[in-house]
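Computed over heavy atoms, backbone and side chain alike; hydrogens, waters and symmetry mates excluded.
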Amino acid sequence: MYGLLLALIYIAFISLGLPDSLLGSGWPVMHAQLGVPIAFMGIVSMVISGGTIVSSLLSDRLTRKLGTRLVTVISIFLTVIALFGFSFSSRFWMLIVFAVPYGLGAGAIDAALNNYIALHYKAKHMSWLHCFWGVGTIVSPFIMGFALTNSVWNDGYRIVGFIQLAIGILLLATLSVWKVNGKIEEREQKSIGLIGALKIKGVPFLLLGFFAYCAAEATAMGWASTYFVEVKGISAEQAAIFASLFYIGITVGRFISGFITDKLGDRKMIIIGTCILTCGIACLFIPVSSYILAIIGFVVIGFGCAPIYPCIIHSTPNNFGAENSGAIIGIQMASAYAGSTFIPPLFGLLGNLIGFAIMPIFLLIFVVLMISMTELTFRLTKKKDILNTQSK
């Protein structure tokens with residue numbers, strides 16, 4: 001039963017990643033057929049992000065009331081509704097309507113499953129689960145590409161919708177399997193809420209660090225192609241291929257880190273990942289006209305990013321207590337979506353004004369902020385544990 005539940009959670013993480021890369025891969029055709037400017041993708045993304053932030057903040061209350069298994073199933077079916085809604089949309093306003101359940105489903109399942117894994121499983125599974133999220137994000141563009149080649153963009157959403165529906169039905173049919181950890185999961189304590197979580201020593205620093213990490217990751221993901229075109233002078237087609245190397249780096253990195261995370265621990269893995277990430281950024285600083293070093297840089301940046309997100313999440317129960325982790329991880333997810341939503345557009349504005357060659361400086365600022373805040377969090381929580389031990 002334990003192994004079956006873990007397999008189901010892995011499948012759920014694939015379902016979490018499947019919708020994430022559909023909009024970006026289909027939008028070049030979608031915006032033309034819907035008759036709206038290409039910049040309108042930002043409006044859809046903002047609505048989705050708004051929903052994820054709201055549901056992330058509410059996830060702890062929902063999980064305590066319904067349990068992780070029901071929150072997971074309900075969230076998947078919300079995304080099913082959204083995906084089928086997108087598949088039948090013929091007007092831009094229809095996308096906005098269905099973007100609401102799109103975001104609400106994504107945020108709740110993300111926070112609930114991350115907290116569940118952090119509480120019940122070893123750190124290696126957190127890394128591998130996020131690796132499976134990467135698999136979902138890699139598969140979706142191929143599905144959309146198939147739809148665009150053989151039919152229309154709507155079919156891309158419809159195909160992924162049917163995959164999500166199958167996963168939702170599978171999880172619904174196996175709800176009883178989740179009882180293997182039921183005694184640990186069920187808690188009668190009242191949720192500490194947003195204000196209560198922010199009052200816990202170290203939490204604001206953790207949130208700021210997580211915000212900074214996600215800002216750097218999303219900027220590297222979203223603007224890699226533009227960097228290659230504007231700074232290295234290569235074609236857009238080549239740039240799109242090179243930008244995908246970041247995703248390969250982060251997915252492979254998470255697979256590898258799963259084998260060593262339990263031995264080294266979350267804190268050391270975050271430090272190692274930051275050092276590798278910094279080496280990748282350093283490659284972008286070197287003023288050479290060739291794009292080869294930049295390719296290596298983005299692969300190394302992705303590889304360095306790999307352990308940071310999973311290890312920050314997995315360390316939360318240990319740093320702040322299992323009773324508080326649900327609320328704190330929910331707020332962490334909200335801060336993550338805020339960083340990945342608002343900072344990449346800021347880089348775009350700066351790139352247009354100053355030049356996209358500022359990317360390594362921009363990334364380094366957020367990486368320094370991230371490691372400073374996470375290290376401060378670990379030191380504060382370690383000091384608190386020492387004081388508590390001495391007082392007993």
Side-chain angles (χ1 to χ4, degrees), residues 6 9-17 20 52 56 59 68 72 106-107 109-138 206-207 209-218 220-221 246-277 280 300-320 322 325-326 328-337 339-340 367 370-371 373-375 377-378 381:
L6 191 58
I9 295 174
Y10 272 83
I11 293 171
F13 259 79
I14 294 176
S15 78
L16 184 60
D20 284 359
T52 57
S56 294
S59 65
T68 302
T72 300
I109 188 175
D110 201 358
L113 284 178
N114 273 295
N115 183 53
Y116 193 85
I117 293 298
L119 287 173
H120 301 309
Y121 294 93
K122 293 181 178 181
K124 63 182 179 181
H125 291 297
M126 186 69 84
S127 293
W128 287 336
L129 284 164
H130 282 273
C131 175
F132 270 64
W133 169 86
V135 171
T137 62
I138 291 170
L206 174 68
L207 297 178
F210 204 50
F211 171 91
Y213 166 75
C214 293
E217 180 192 271
M221 282 183 178
F246 176 91
Y247 293 93
I248 295 173
I250 198 169
T251 302
V252 172
R254 284 175 176 169
F255 178 76
I256 294 173
S257 65
F259 291 100
I260 59 176
T261 299
D262 287 341
K263 295 179 181 179
L264 298 180
D266 294 319
R267 186 175 183 178
K268 287 183 180 179
M269 287 299 294
I270 293 170
I271 294 172
I272 292 171
T274 303
C275 291
I276 296 172
L277 171 56
V300 174
I301 288 172
F303 198 80
C305 282
I308 298 175
Y309 188 112
C311 288
I312 290 177
I313 295 292
H314 189 266
S315 65
T316 301
N318 186 56
N319 284 337
F320 302 105
S325 66
I328 295 172
I329 288 178
I331 304 170
Q332 280 180 278
M333 294 297 104
S335 67
Y337 290 121
S340 59
V367 170
M370 177 274 296
I371 193 62
M373 292 298 100
T374 52
E375 270 299 292
T377 301
F378 276 106
T381 53

One pair to check against side chain to side chain contact (heavy atoms under 4.5 Å, CB included): F246 and E217. What are the steps and the verdict?
CA-CA 10 Å; F246 176 91; E217 180 192 271; 4.1 Å; yes
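- The closest donor-acceptor contact from the side chain of N319 to the backbone of T381 lies at 3.5 Å or more, if one exists at all.
- Considering every non-hydrogen atom in both A112 and T68, the closest pair reads O-CG2, 3.9 Å.
- Taking OG from S15 and CH2 from W133, the interatomic distance works out to 13.0 Å, rounded to the nearest 0.5 Å.
- One distance of note links CG of L129 with CD1 of I14; it measures 9.5 Å at 0.5 Å rounding.
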Please step through side chain to side chain contact (heavy atoms under 4.5 Å, CB included) for the pair I250 and F303, ending with a clear verdict.
CA-CA 5 Å; I250 198 169; F303 198 80; over 6 Å; no
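- Y10 meets the ring pair (Phe, Tyr, Trp, His ring centres under 6.0 Å) test with F132; sequence neighbours excluded.
- For D110 (side chain) and A106 (main-chain N/O), no donor-acceptor pair under 3.5 Å exists by modelled atom type.
- Residues I276 and V300 share a closest heavy-atom pair of O-CG1, 3.3 Å.
- Taken to the nearest 0.5 Å, the CG atom of L6 stands 10.5 Å off from the CD1 atom of I11.
- Scored by the side-chain contact (heavy atoms from CB on, under 4.5 Å) test, S59 finds A111 as partners (sequence neighbours excluded).
- Interatomic distance, M370 CE to E375 CD, rounded to the nearest 0.5 Å: 10.0 Å.
- A donor-acceptor contact under 3.5 angstrom links the side chains of Q332 and T316, judged on distance only.
- Here the shortest heavy-atom pairing between S257 and M269 reads CB-CE, 3.5 Å.
- Considering every non-hydrogen atom in both N115 and G326, the closest pair reads OD1-N, 3.4 Å.
- Side-chain contact check for F378 versus I270: some heavy-atom pair is nearer than 4.5 Å.
- In this structure, CD1 on I256 lies 11.0 Å from OG1 on T261, to the nearest 0.5 angstrom.
- The side-chain heavy atoms of N114 and H130, taken from C-beta on, include a pair separated by under 4.5 Å.
- Here the closest non-hydrogen pair linking S335 and F210 is OG-CD2, 3.8 Å.
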Report, one line per pair, each donor and acceptor closer than 3.5 Å where one atom sits in a side chain of residues 304-314; sequence neighbours left out.
unit_1, atom_1, unit_2, atom_2, d
H314, ND1, D266, OD2, 3.0
H314, NE2, Y121, O, 3.0
H314, NE2, A123, N, 3.2

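- Using a distance-only test at 3.5 Å, with no hydrogens or angles considered, a donor-acceptor pair links the side chain of S340 to the main chain of Y337.
- Within the 3.5 Å criterion, the main-chain N or O of F255 finds a donor-acceptor partner in the side chain of W128.
- You'll find the side chain of F320 stays beyond 4.5 Å of the side chain of I329, heavy atoms only.
- Going from atom CE of M333 over to atom OG of S56 covers 7.0 Å, rounded to the nearest 0.5 Å.
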